[in-house]
Amino acid sequence: MSEKLWTKNFVMNAVSNFLVYIVYYCLIVIIADYAMEALHATPSAAGLATGLFIVGALAARLLTGQLVERLGERKTLFIGLGVYLATTFLYFAVGDMSSLFVVRFLHGLGFGISATGTGTIAARIIPDERQGEGISYYALSATLASAIGPLMGMYMNRHGNFRLILLLCALLLIACAAAARSIRVPAHAASSKTPPKPKNPFSLGRFFEAKALPISFVCMLVVVAYSGVLAFVSQFAKENGLVEAGGLFFLVYSLFILISRPFTGRIFDRRGENVVLYPSFAVFALGLAALGLSQGGVALLASAALIGFGYGTFFSGGNAIAIKMTPKERVHLATSTYYVLGDLGVGVGPYLLGFVVGPLGFRGMYFAMAVFVLLCGALYHFLHGAAAARRAQ
């Protein structure tokens with residue numbers, strides 16, 4: 001009989017992760033508007049303010065693995081939530097773009113520590129034989145936040161004001177801390193021993209897990225392709241007269257992740273990662289090509305469904321692979337490695353793809369990214385898939 005997955009610890013950790021991410025998504029969709037309207041920023045400066053949050057999150061993910069080793073998963077999560085909450089209040093003191101840049105970076109630090117903390121706790125408390133299914137269900141918390149957060153932020157931005165949004169975010173983080181208080185990492189799963197420290201305190205082994213690097217590198221490249229959707233789909237919808245459907249794009253995207261994650265996670269555990277990962281590349285590429293071809297609202301939302309199914313399946317499956325390939329005592333570093341490279345893809349992707357949009361346009365860019373994702377699938381085969389197939393045999 002397999003171990004129980006739906007424990008109180010698992011549910012409360014997923015709730016905590018949901019609240020961590022909903023604050024992130026609520027603010028990221030409105031911060032550029034706030035910078036341009038309230039602080040009279042240029043579009044490029046507003047974009048930098050948005051991106052500095054990711055830079056802060058990336059820095060936090062690099063350091064959080066060491067924090068977990070020293071303090072444990074639960075204390076690390078509370079430190080992250082403390083930074084996240086405190087820097088939410090710092091927005092009230094913002095008076096110019098320079099101060100906004102600083103606050104966005106610090107806020108990203110709090111988010112990165114908190115999100116890595118909940119992710120590491122999930123990896124510790126999910127039974128080994130149910131990692132694929134457990135990670136899939138756990139990742140649904142962030143998926144729900146990606147649907148609800150932007151809707152909530154945009155609605156309040158239209159009907160309220162920025163200060164009310166900040167107060168709501170602060171209340172959500174207080175609720176998150178309350179939920180996290182009930183989480184207990186079981187003694188047999190916790191980091192009871194600190195692994196031997198490398199002689200060189202600045203060695204890569206203190207920040208990255210080598211066994212998780214191949215799938216994490218593939219993740220970074222796939223996320224670059226996804227960042228083209230995240231950054232440019234609203235402009236694409238406006239350019240093609242699809243604003244109404246564009247407003248529903250991420251809702252449909254999230255819905256199809258919700259539909260796919262539970263059964264793809266079970267298939268991952270029962271039949272192996274390749275049965276899940278290879279089709280995910282194909283479906284994601286098909287969704288990007290469909291997005292490039294979209295002429296009407298129905299077609300646009302159909303592409304959202306394919307992208308949600310394909311990209312969502314890949315991201316949770318890749319996370320499970322990073323954990324599966326790593327010794328239990330270094331799972332925190334595997335989680336950190338996977339998300340660090342994913343964050344890097346989100347951070348640099350829009351900037352790089354901006355050079356593609358110039359000569360090719362949005363449609364051409366999405367077609368190019370469809371081909372790029374298929375090439376990522378080939379790279380996955382050489383870095384992991386072929387070896388996984390041999391092990392399965």
Side-chain angles (χ1 to χ4, degrees), residues 9-31 50 53-65 67-68 71-91 103-126 134-135 137-153 165-183 185 230 250 254 257 261 315-316 319 332 335-336 338-340 342-343 346:
N9 286 331
F10 181 82
V11 172
M12 287 297 100
N13 190 54
V15 169
S16 299
N17 193 58
F18 169 76
L19 294 171
V20 164
Y21 270 88
I22 205 167
V23 170
Y24 159 59
Y25 281 112
C26 180
L27 287 176
I28 203 164
V29 295
I30 64 168
I31 202 68
T50 302
F53 185 95
I54 301 298
V55 174
L58 178 60
R61 299 227 193 247
L62 284 170
L63 299 173
T64 302
L67 199 60
V68 170
L71 301 177
E73 300 85 359
R74 195 167 177 271
K75 286 183 180 178
T76 298
L77 173 57
F78 279 104
I79 288 171
L81 290 175
V83 175
Y84 206 10
L85 178 61
T87 50
T88 300
F89 287 110
L90 284 181
Y91 284 99
V103 172
R104 287 295 289 168
F105 178 80
L106 294 175
H107 206 215
L109 281 176
F111 165 76
I113 297 171
S114 302
T116 305
T118 55
T120 303
I121 290 173
R124 296 289 190 191
I125 63 179
I126 294 171
I135 290 295
Y137 280 121
Y138 164 77
L140 289 178
S141 58
T143 303
L144 281 170
S146 74
I148 297 171
L151 291 176
M152 185 172 72
I165 295 171
L166 293 176
L167 288 173
L168 174 62
C169 289
L171 289 173
L172 290 172
L173 290 175
I174 292 170
C176 180
R181 285 194 62 181
S182 65
I183 299 171
V185 180
L230 196 62
F250 286 103
S254 302
I257 293 181
R261 282 264 172 88
F315 195 83
S316 63
N319 191 11
H332 58 285
T335 303
S336 177
Y338 188 78
Y339 280 96
V340 161
D343 285 344
V346 173

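One-based numbering along the sequence shown. The structure presented is a predicted model; accordingly, all values stated were derived computationally and were not measured.
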So do Leu106 and Val83 actually touch side chain to side chain, heavy atoms under 4.5 Å? no

Distance in Å, Arg74 CZ paired with Arg124 CZ, rounded so as to fall on 0.5 Å steps: 15.5 Å

Roughly how far apart are Leu173 CG and Phe89 CZ, rounded to 0.5 Å? 9.0 Å

Are Leu172 and Met152 side-chain neighbours, meaning at least one heavy-atom pair lies under 4.5 Å? yes

Would you call the rings of Phe53 and Tyr84 parallel, tilted or perpendicular, taking 30° and 60° as the class edges? tilted

Are the side chain of Asn13 and the backbone of Thr118 linked by a donor-acceptor contact shorter than 3.5 Å? yes

Under 4.5 Å between any side-chain heavy atoms of Cys176 and Val20, yes or no? yes

Would you mind reporting whether Leu77 and Thr120 have side-chain heavy atoms less than 4.5 Å apart? no

Please round to the nearest 0.5 Å and tell me the distance separating atom OG1 of Thr88 and atom CG of Leu168. 10.5 Å

Quick check: does any side chain N or O of Arg104 sit under 3.5 Å from a backbone N or O of Val55, one acting as donor and the other as acceptor? no

Roughly how far, to the nearest 0.5 Å, is the CD1 atom of Ile79 from the CD1 atom of Ile113? 7.5 Å

Report yes if some heavy atom in the side chain of Ile31 is under 4.5 Å from a heavy atom in the side chain of Tyr91; otherwise report no. yes

dist Ser114:OG -> Leu19:CG (nearest 0.5 Å) comes out at 11.0 Å

Taking the side chain as every heavy atom from C-beta outward, state whether Ile183 and Ser16 have any atom pair closer than 4.5 Å. yes

For residues Gly134 and Ile126, report the shortest heavy-atom separation together with the two atoms involved. C-CD1, 3.5 Å

Restricting to non-hydrogen atoms, name the atom on Ala60 and the atom on Leu109 that form the minimum distance, rounded to 0.1 Å. CB-O, 3.3 Å

Between His107 and Tyr24, is the gap from one ring center to the other below 6.0 Å? no

Counting N and O atoms only, with roles assigned by atom type, does the side chain of Thr76 sit under 3.5 Å from a partner on the main chain of Gly117, one being a donor and the other an acceptor? no

Just how far is it from atom OG1 of Thr87 to atom CZ of Phe105, taken to the nearest 0.5 Å? 11.5 Å

Please answer whether the main-chain N or O of Ala179 pairs with a side-chain N or O of Ser182 as donor and acceptor at a distance below 3.5 Å. yes

Taking the six-membered ring for Trp, is the centroid-to-centroid distance between Phe18 and Tyr138 below 6.0 Å? no

Do the ring centers of Tyr25 and Phe250 come within less than 6.0 Å of each other? no

Counting C-beta onward and ignoring hydrogens, is there a side-chain heavy-atom pair between Ile125 and Ile121 closer than 4.5 Å? yes

